[in-house]
**Student:** 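Questions regarding the structure given below will be posed in turn.
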Amino acid sequence: LFVGQYFSDWARERNVCRPFQIPGSWKRIISLDYGFEKPSAVEWWAIDPEDEWWLYRELYQPKLTYTTLSREIMERTPTDEPIYQVVADPACWGDRPRVEEIPGPSGGEAMRDEFTRRGWSLLRGNHDRLQGWQRCRELMAPRMGKEGVLTSRLHVFSTCPQFIRTIPSLVHDPIRVEDLDTDGDDHHADAWRYAVNTKAELSLADEDESEMFQDVDTSGHHGYGFR
């Protein structure tokens, strides 16, 4: 915690956990913020029936074209791992290469074509910044867990060092204080915001959400039971 820290509720002891086998019934989504000179940040999220978010895999790398990034994401995702949705930086749809002044497909379209091979759909992320940051903060907010231990709804596997490094380093924008300073290393934060902001569009907030999950034996697993 330091003066000006944007995500002041971040605490490694609450938000970072050891990796474990994600139950097959949890919803999994991928979110990404695209960059070329700056790194692209890709996040693999699992959302449990208690609406807790688990970041279990990440990619953080510059100099990848849209097609190369898409293929890298697919290579890192096992073929038997079900992905419900991919959510991307909305700016990808405005980035079009030109050949003799003729605009080619946008970055979003190029990635969509690649992801179709795996049967994944690609959704344009909701860019709302202030609402998105508020939702991220709500996930991170400390609360008392079932076992009387302070926890939160945001959990990050210790195998995701770039998210762990960058999120607590971000600071408030000096002019628009409700926003974070975009001069910081905000690529993972943006990818996270697209995922959280677009949750309603992913049909994960429906009143019938509990019906999406199978009844499984969760004895001994983190104390989180299924409805």
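Treat the numbers as computed from the prediction; the structure is a model and nothing was measured. If you read the sequence from its start, that first residue is 1, and numbering goes on from there.
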**Student:** Calculate, to the nearest 0.5 Å, the distance between atoms OH and CD1 belonging to Y84 and I47 respectively.
**Tutor:** 10.0 Å

**Student:** Pick out which of R137, E138, M140 makes a side chain to side chain contact (heavy atoms under 4.5 Å, CB included) with L154.
**Tutor:**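 Output: one option passes, namely M140.
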
**Student:** Do Q5 and H172 have side chains that get closer than 4.5 Å, going by heavy atoms?
**Tutor:** no

**Student:** Between R153 and E50, is there a salt bridge with N-O shorter than 4.0 Å?
**Tutor:** no

**Student:** Does L170 reach the side chain of D181, with side-chain heavy atoms less than 4.5 Å apart?
**Tutor:**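 Of all side-chain heavy-atom pairs linking D181 with L170, none is under 4.5 Å.
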
**Student:** Between atom CH2 of W10 and atom SG of C136, what is the distance when rounded to the nearest 0.5 Å?
**Tutor:** 12.0 Å

**Student:** Rounded to the nearest 0.5 Å, how far apart are OG of S31 and CG of D190?
**Tutor:** 10.5 Å

**Student:** Distance check, rounded to the nearest 0.5 Å: R14 atom CZ versus D9 atom CG?
**Tutor:** 6.5 Å

**Student:** Between W192 and W45, what is the ring plane arrangement, given parallel below 30°, perpendicular above 60°, and tilted in between?
**Tutor:** parallel

**Student:** Over all heavy atoms of both residues, which pair between C17 and H155 is shortest? Give the atoms and the distance, please.
**Tutor:** SG-CB, 4.3 Å

**Student:** Taking 4.0 angstrom as the limit, do E75 and R71 come out as a salt bridge?
**Tutor:** no

**Student:** I'd like to know if D173 pairs up with R176 as an ion pair, taking the criterion as any Lys NZ or Arg NE/NH1/NH2 lying under 4.0 Å from an Asp or Glu carboxylate oxygen.
**Tutor:** no

**Student:** I'd like to know whether F20 forms a ring pair (Phe, Tyr, Trp, His ring centres under 6.0 Å) with W54, so could you lay out the CA-CA distance, the side-chain angles of the two residues, the decisive distance to 0.1 Å, and finally the verdict.
**Tutor:** CA-CA 10 Å; F20 60 87; W54 305 79; 5.2 Å; yes

**Student:** Look only at the side chain of R135 and the backbone of N197, and say whether a donor-acceptor pair between them is shorter than 3.5 Å.
**Tutor:** yes

**Student:** Mind checking whether Q61 and S40 have side chains closer than 4.5 Å, heavy atoms only?
**Tutor:** no

**Student:** For T166 and D186, run side-chain contact (heavy atoms from CB on, under 4.5 Å): C-alpha distance rounded to whole Å, both residues' side-chain angles, the deciding distance at 0.1 Å, then the answer.
**Tutor:** CA-CA 7 Å; T166 59; D186 61 350; over 6 Å; no

**Student:** Minimum heavy-atom separation for G125 and T198, please, with both atom names.
**Tutor:**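 Residues G125 and T198, closest heavy atoms: CA-OG1, 3.6 Å.
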
**Student:** For I29 and A195, work out which heavy atoms get closest and say how close.
**Tutor:** CD1-CB, 4.0 Å

**Student:** Taking atom types as modelled, find out whether E114 and T67 have a side-chain donor-acceptor pair closer than 3.5 angstrom.
**Tutor:**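 There is no such pair between these side chains.
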
**Student:** Shortest non-hydrogen contact from A91 to D89?
**Tutor:** N-OD1, 2.9 Å

**Student:** Hey, are the side chains of R28 and I22 touching, using non-hydrogen atoms and a 4.5 Å cut-off?
**Tutor:** yes

**Student:** Ignoring hydrogens and angles, tell me if any N or O in the side chain of S106 forms a donor-acceptor pair with the backbone of E109 under 3.5 Å.
**Tutor:** yes

**Student:** So how far is it from M111 CE to L122 CG, rounded to the nearest 0.5 Å?
**Tutor:**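 Result: 5.5 Å between the selected atoms.
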
**Student:** Looking only at the side chains, is there a donor atom on one of Y194 and N126 sitting less than 3.5 Å from an acceptor on the other?
**Tutor:** no

**Student:** Ignoring hydrogens, what is the shortest heavy-atom contact between L69 and L64? Give both atom names and the distance.
**Tutor:** CD1-CD1, 3.9 Å

**Student:** Quick check: does any side chain N or O of E43 sit under 3.5 Å from a backbone N or O of L32, one acting as donor and the other as acceptor?
**Tutor:** no

**Student:** Determine, stepwise, if the pair T77 / R118 fulfils side-chain contact (heavy atoms from CB on, under 4.5 Å).
**Tutor:** CA-CA 10 Å; T77 307; R118 290 285 291 269; 3.9 Å; yes

**Student:** Taking C-beta and beyond as the side chain, do V86 and L123 meet within less than 4.5 Å on heavy atoms?
**Tutor:**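 A side-chain contact is absent here, since even the closest heavy-atom pair is not under 4.5 Å.
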
**Student:** Whether R165 and D185 form a salt bridge (side-chain N of Lys/Arg under 4.0 Å from carboxylate O of Asp/Glu) is what I want to check.
**Tutor:** yes

**Student:** Who pairs with R57 by salt bridge (charged side-chain N to carboxylate O under 4.0 Å, His left out), at least two apart in sequence or on another chain?
**Tutor:** E81

**Student:** Could you pull out all residues at least two apart from H188 that satisfy ring pair (Phe, Tyr, Trp, His ring centres under 6.0 Å)?
**Tutor:**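 So H188 forms a ring pair (Phe, Tyr, Trp, His ring centres under 6.0 Å) with Y60, F163.
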
**Student:** Would you check, one step at a time, whether the test side-chain contact (heavy atoms from CB on, under 4.5 Å) holds for I30 with W120?
**Tutor:** CA-CA 10 Å; I30 297 173; W120 300 347; 4.0 Å; yes

**Student:** Taking C-beta and beyond as the side chain, do L59 and W44 meet within less than 4.5 Å on heavy atoms?
**Tutor:** yes

**Student:** Apply side-chain contact (heavy atoms from CB on, under 4.5 Å) to residues R18 and F157 and explain how you reach the verdict.
**Tutor:** CA-CA 6 Å; R18 293 180 180 178; F157 279 17; over 6 Å; no

**Student:** What's the separation between atom OG in S158 and atom CD1 in I164, rounded to the nearest 0.5 Å?
**Tutor:**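 Reported value, rounded in 0.5 Å steps: 6.5 Å.
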
**Student:** Can you confirm whether T182 sits close enough to R129 that some side-chain heavy atom of one is under 4.5 Å from a side-chain heavy atom of the other?
**Tutor:** yes

**Student:** Does CD belonging to E178 count more than 12 external heavy atoms closer than 6.0 Å?
**Tutor:** no

**Student:** Check whether any side-chain heavy atom of V171 sits under 4.5 Å from a side-chain heavy atom of D183, and report yes or no.
**Tutor:** no

**Student:** What are the two closest non-hydrogen atoms of L180 and F7, and how far apart are they?
**Tutor:**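 Nearest pair, atom of L180 first, then F7: CD2-CE1, 4.2 Å.
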
**Student:** Do D179 and W133 meet the criterion of a side-chain donor-acceptor pair at a distance under 3.5 Å?
**Tutor:** yes

**Student:** Which ILVMFWY residues can you reach from L150 by hopping between side chains whose heavy atoms are under 4.5 Å apart?
**Tutor:**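 Taking Ile, Leu, Val, Met, Phe, Trp and Tyr as members, L150 shares its hydrophobic cluster with M144.
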
